[in-house]
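Note that the structure is a prediction, hence the values are computed from the model and not measured. Chain identifiers are assigned alphabetically (A, B, ...) following the order of the sequence lines, protein sequences preceding nucleic acid strands; residue numbering begins at 1 within each chain.
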There are 2 protein chains.
Amino acid sequence: MERSTRQREAIRRVFDIGQPPLTAQEILSLARGEVPNLGIATVYRAIKALLADGTLVDVELPGEVTRYELANKEHHHYFRCRKCGRVYDINNCRVDFDAMTPHGFRLESHDLVLYGRCASCIGAGRG
Amino acid sequence: MERSTRQREAIRRVFDIGQPPLTAQEILSLARGEVPNLGIATVYRAIKALLADGTLVDVELPGEVTRYELANKEHHHYFRCRKCGRVYDINNCRVDFDAMTPHGFRLESHDLVLYGRCASCIGAGRG
DNA sequence: TTAACTGCAAACCCTTTGCACGGTG
DNA sequence: CACCGTGCAAAGGGTTTGCAGTTAA
């Protein structure tokens with residue numbers, strides 16, 4: 001991120017309003033509010049730069065396209081609603097994953113995704 | 001899987017020798033031992049059929065292409081070695097994920113991947 | 001001014017699909 | 001001998017890259 005451009009600032013600002021993890025397409029749609037003819041290639045290039053400088057981290061949910069979120073969050077996991085597809089952050093990770101690690105293996109990190117129905121989809125009625 | 005063909009049998013047999021989760025390309029390479037000019041499309045079609053009839057399940061590790069393994073295993077998770085890239089099954093899942101689920105949400109399932117170094121990569125020396 | 005940035009379009013990788021030929025039951 | 005299954009190649013979806021025009025510094 002050397003130069004400051006309208007495009008990059010718009011993309012960066014997308015994350016300033018407490019967004020859940022976003023796909024490149026979602027970032028594009030949101031940033032087009034400020035820069036209407038923004039191109040997807042520019043989004044990907046900006047994402048790459050923001051990943052490299054540590055501003056963003058990628059969120060890879062099994063079987064889905066990569067999402068991105070601000071890196072300055074606590075260690076956390078995700079809950080994906082099977083109905084609406086939204087992804088929520090789960091902040092309490094109080095699990096002893098070391099107990100699951102085979103003897104002789106060294107555990108360094110873990111990824112966890114919970115699946116089910118979110119409160120709004122349950123509240124909205126059957127489904 | 002209606003008809004039994006050389007291709008389908010070769011693909012099915014790939015999994016009979018205790019394979020770790022395999023990518024479509026790996027399945028192709030292995031099955032070509034029996035059917036040299038096997039096409040990748042046939043592999044994908046066979047995988048789809050084997051997923052549909054419950055023989056295989058897909059294994060989606062964050063940021064990687066889909067892998068496939070036999071479905072007749074217990075509920076389990078994966079340990080991916082950051083050095084050699086191999087994926088191991090983790091069979092003891094005794095975690096109370098419900099405790100991590102937000103109020104009002106309904107937990108249906110979960111995916112867990114542990115990352116680190118496997119025993120052979122630790123034993124092999126520095127790294 | 002001028003080198004980095006942008007948007008478009010083409011290229012890529014993985015997966016799926018259309019089609020005519022081949023093989024199973 | 002009907003069809004399903006196969007291989008090839010083209011099409012799709014997401015991401016990356018080449019290029020000429022644009023713009024920040």
Side-chain angles (χ1 to χ4, degrees), chain A residues 1-15 19-53 55-69 78 80 85-87 113, chain B residues 1-15 19-53 55-69 80 85 87 113:
Chain A
M1 278 308 230
E2 319 244 331
R3 292 188 184 173
S4 167
T5 65
R6 287 185 320 125
Q7 289 85 343
R8 289 179 174 174
E9 307 213 329
I11 290 165
R12 178 49 237 263
R13 256 197 296 277
V14 162
F15 293 95
Q19 292 291 356
L22 299 173
T23 66
Q25 284 298 334
E26 290 166 345
I27 296 168
L28 177 66
S29 301
L30 291 168
R32 276 188 170 163
E34 288 189 42
V35 184
N37 60 339
L38 180 64
I40 187 67
T42 298
V43 172
Y44 278 110
R45 283 187 279 235
I47 289 170
K48 183 176 283 188
L50 290 166
L51 289 172
D53 76 10
T55 301
L56 294 181
V57 293
D58 49 12
V59 177
E60 316 249 27
L61 299 198
E64 306 195 26
V65 302
T66 305
R67 294 160 204 255
Y68 307 90
E69 70 176 359
Y78 305 98
R80 180 172 195 278
R86 230 179 312 183
V87 175
V113 186
Chain B
M1 281 303 235
E2 318 243 333
R3 293 186 183 175
S4 167
T5 65
R6 288 186 319 125
Q7 288 86 343
R8 289 178 175 175
E9 306 212 330
I11 290 165
R12 178 48 237 264
R13 255 197 296 278
V14 162
F15 293 95
Q19 292 292 357
L22 299 172
T23 66
Q25 284 297 333
E26 290 165 346
I27 296 168
L28 177 66
S29 302
L30 291 167
R32 275 187 171 164
E34 289 187 41
V35 184
N37 59 341
L38 180 64
I40 187 68
T42 298
V43 172
Y44 278 110
R45 283 187 279 234
I47 288 170
K48 182 175 283 188
L50 290 166
L51 290 172
D53 76 9
T55 301
L56 294 181
V57 292
D58 51 11
V59 177
E60 317 247 29
L61 298 197
E64 306 195 25
V65 301
T66 305
R67 293 158 204 255
Y68 307 90
E69 69 176 0
R80 180 171 196 279
V87 175
V113 186

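- Shown here are the side chain to side chain contact (heavy atoms under 4.5 Å, CB included) partners of B:Leu30, two or more places apart in sequence or in another chain: B:Val14, B:Gln19, B:Leu22.
- No side-chain heavy atom of B:Thr42 sits under 4.5 Å from any side-chain heavy atom of B:Val35.
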Could you list the donor-acceptor pairs under 3.5 angstrom formed by side chains in residues 60-67 of chain A, with sequence neighbours left out?
residue: A:Glu60; atom: OE1; partner: A:Thr66; partner atom: OG1; Å: 2.9
residue: A:Glu64; atom: OE1; partner: A:Arg67; partner atom: NH2; Å: 2.5
residue: A:Glu64; atom: OE1; partner: A:Arg80; partner atom: NE; Å: 3.1
residue: A:Glu64; atom: OE2; partner: A:Arg80; partner atom: NE; Å: 2.4

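- Under the salt bridge (Lys or Arg N to Asp or Glu O under 4.0 Å) criterion, B:Arg13 pairs with B:Glu34, sequence neighbours left out.
- Looking at every heavy atom in both residues, A:Ala24 comes nearest to A:Ile40 through O-CD1, 4.0 Å.
- Residue A:Arg8 has its side chain nearest to C:dT6 when only D:dT6, D:dT17, C:dT6 are considered.
- Shown here are the ring-ring contact (aromatic ring centres under 6.0 Å, His included) partners of B:Phe15, two or more places apart in sequence or in another chain: there are none.
- Within the structure, no pair that satisfies the salt bridge (charged side-chain N to carboxylate O under 4.0 Å, His left out) test touches residues 22-33 of chain A, not counting sequence neighbours.
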Might you list the N or O atoms of the protein lying below 3.5 Å from N or O atoms in nucleotides 23-25 of chain C, with each pair's distance?
residue: C:dG23; atom: N2; partner: B:Arg3; partner atom: NH1; Å: 2.3
residue: C:dT24; atom: O2; partner: B:Arg3; partner atom: NH1; Å: 2.9
residue: C:dT24; atom: O2; partner: B:Arg3; partner atom: NH2; Å: 3.4
residue: C:dG25; atom: OP1; partner: B:Ser4; partner atom: N; Å: 3.1

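- Residues of residues 26-41 of chain B that place a heavy atom closer than 4.0 Å to DNA chain D, in numerical order, are B:Asn37, B:Leu38, B:Gly39, B:Ala41.
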When you compare the protein's N or O atoms with those of nucleotides 10-13 of chain C, which come within less than 3.5 Å of each other, and at what distance?
none

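- Every residue two or more places apart in sequence or in another chain that forms a side chain to side chain donor-acceptor pair (under 3.5 Å) with A:Thr55 is listed here: A:Asp53.
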